[in-house]
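Single-structure report; data block below.
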Amino acid sequence: LEQALRRAISDDIISPHYQPIVSLQDGNLLGFEALARWIDPELGFVSPAKFVPLAEERGIIAQLTELLLYKAAKTAAEWPEDLFLSFNLSSAQLVDPNTAREILKIIKRAGLPPSRLEIEVTETAMMSDPETAERVIAELHDAGVRVSMDDFGTGQSSLGRLRDLKLDKVKIDRAFVMALSNDRPSQHIVRAILEMCAGLDLTVVAEGIEEIDQAENLKRYGCHAGQGYLFGKPQDALRTMSYIREFRRIAKSDREAKIA
Ligand code: C2E
Ligand code: MG
Ligand code: MG
């Protein structure tokens with residue numbers, strides 16, 4: 001697999017796909033999360049949950065990230081200016097003090113301003129060297145990049161860290177969203193996360209929304225934004241552009257219908 005991965009990187013066949021993130025409050029499109037896709041001529045689809053950790057382990061994650069972030073930033077630079085790009089940072093990069101500088105260099109080359117970039121980090125990724133991670137996050141934040149805590153509630157959650165880090169956003173893990181309709185404990189956990197984040201001035205995105213009731217409950221609880229198959233699956237750059245056009249066209253005709 002490592003050999004195939006190295007080949008895929010040098011043949012440039014790994015690309016980001018983009019999944020929409022929408023406002024649960026007013027239905028607007030806010031941005032997209034980039035998710036790496038590798039369809040190998042021999043192996044077929046290989047999940048990023050498999051090849052990202054492998055790339056970390058074998059020391060090729062920096063190369064892979066550079067390739068993916070450059071492509072994603074270049075694509076996002078073509079979107080309407082109010083849409084952001086959210087990009088997952090791997091744990092290996094949070095222990096490298098040069099990471100923030102590298103990221104800023106790559107997006108500059110791609111023509112995407114820092115204010116349109118969000119970086120997703122996980123609690124588990126912060127564990128091995130919290131001080132460096134904190135510094136990388138602060139540097140990104142100070143350059144105008146927003147930082148969000150991904151998969152919140154599943155890792156080694158430390159509420160103290162939530163207070164100390166310069167974070168902008170929290171993404172509630174799919175596991176809680178999935179259980180919302182029939183599991184009281186999950187409802188309480190989600191509401192508690194939302195209340196805490198409101199007090200800490202953090203925006204909240206719920207991940208893995210597949211059903212309309214999940215979206216409605218989350219909206220009622222005051223959750224800002226959502227992401228999941230209900231709004232759209234991850235799609236390549238070309239289809240994403242059509243998605244944006246279609247989304248805007250429908251929003252515009254809704255507005256016109258309201259006025260008329
Ligand atoms: P993540 O960042 O938490 O991404 C969300 C995952 O949930 C994605 O899986 C996405 O396709 C999936 N998903 C989104 N909506 C739904 C839904 O409604 N239902 C279900 N069942 N699933 C949904 P994916 O693309 O397989 O990625 C898995 C993980 O791999 C990501 O989790 C992220 O941690 C990592 N990853 C993906 N791309 C990259 C990358 O470019 N760099 C790094 N470092 N990690 C990446
Ligand atoms: Mg993510
Ligand atoms: Mg996640």
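Atoms within each ligand, like the ligands themselves, are counted from 1 in listed order. Just the heavy atoms: all of them, side chains too, but no hydrogens, waters or symmetry mates, feed the values below. For clarity, every value in this text was computed on a predicted model and none was experimentally measured. Starting from 1, each residue takes its place in the sequence as its number.
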Does the side chain of [X] come under 3.5 Å of the side chain of [Y] through a donor N or O and an acceptor N or O?
X      : Y      : result
Gln93  : Thr65  : yes
Thr154 : Asp151 : no
Ser90  : Glu56  : yes
Gln235 : Thr240 : no

Within a distance of under 4.0 Å, is there any protein heavy atom near [atom]?
atom                    : result
atom 10 (C) of ligand 1 : yes
atom 42 (N) of ligand 1 : yes
atom 18 (O) of ligand 1 : yes

Without swapping roles, check the side chain of [X] against the backbone of [Y] for a donor-acceptor pair under 3.5 Å.
X      : Y      : answer
Lys71  : Glu66  : no
Gln214 : Glu210 : yes
Arg58  : Glu2   : no
Gln63  : Ile9   : no
Ser47  : Ala49  : yes

Taking only heavy atoms of [X] into account, list the atoms of ligand 1 that are under 4.0 Å away from them.
X      : result
Gly228 : 15 (N), 18 (O)
Pro234 : 11 (O)
Gln19  : 14 (C), 15 (N)
Gly208 : 16 (C), 17 (C), 18 (O)
Glu210 : 17 (C), 18 (O), 19 (N), 20 (C), 21 (N)
Leu68  : 41 (O)
Glu207 : 3 (O), 5 (C)
Ser90  : 44 (N)

To the nearest 10 degrees, calculate the angle at the Mg ion (ligand 2) involving OD2 of Asp150 and OE2 of Glu33. 180°

Just to confirm my numbers, could you give the angle made at the Mg ion (ligand 2) by OD1 of Asn88 and OE1 of Glu120, rounded to 10°? 90°

Atom 27 (O) of ligand 1 sits nearest the protein heavy atom Pro48 CG, 3.5 Å

Note the single closest protein heavy atom to atom 22 (N) of ligand 1, along with its residue, its atom name and the distance in Å. Tyr229 OH, 3.2 Å

Checking contacts here: is it the side chain or the backbone of [X] that comes within 4.0 Å of ligand 1, counting heavy atoms only? Could be both or neither.
X      : value
Asp151 : side chain
Asp150 : side chain
Gln227 : neither
Leu35  : both
Lys171 : neither
Pro16  : neither
Asn88  : both

Parallel under 30°, tilted from 30 to 60°, perpendicular over 60°: which one fits the rings of Trp79 and Tyr18? perpendicular

Out of curiosity, is [X] lining ligand 1, as in a heavy atom under 4.0 Å away?
X      : answer
Gln93  : no
Met178 : no
His17  : no

Once rounded to 10°, what is the value of the angle centred on the Mg ion (ligand 3) between Asp151 OD1 and Glu207 OE1? 90°

What's the shortest heavy-atom distance between Leu202 and Leu162, and which atoms? CD1-CG, 4.3 Å

Taking it one step at a time, do Glu120 and Ser86 satisfy side-chain hydrogen bond (donor to acceptor under 3.5 Å, both in side chains)? CA-CA 7 Å; Glu120 301 190 7; Ser86 200; 2.8 Å; yes

Quick one: does NZ or CZ of Arg37 land under 6.0 Å from the six-membered ring centre of Phe45, within 45 degrees of the ring axis? no

Hey, quick one: are Ile61 and Leu94 part of the same hydrophobic cluster, counting side-chain heavy atoms closer than 4.5 Å, chains of contacts allowed? yes

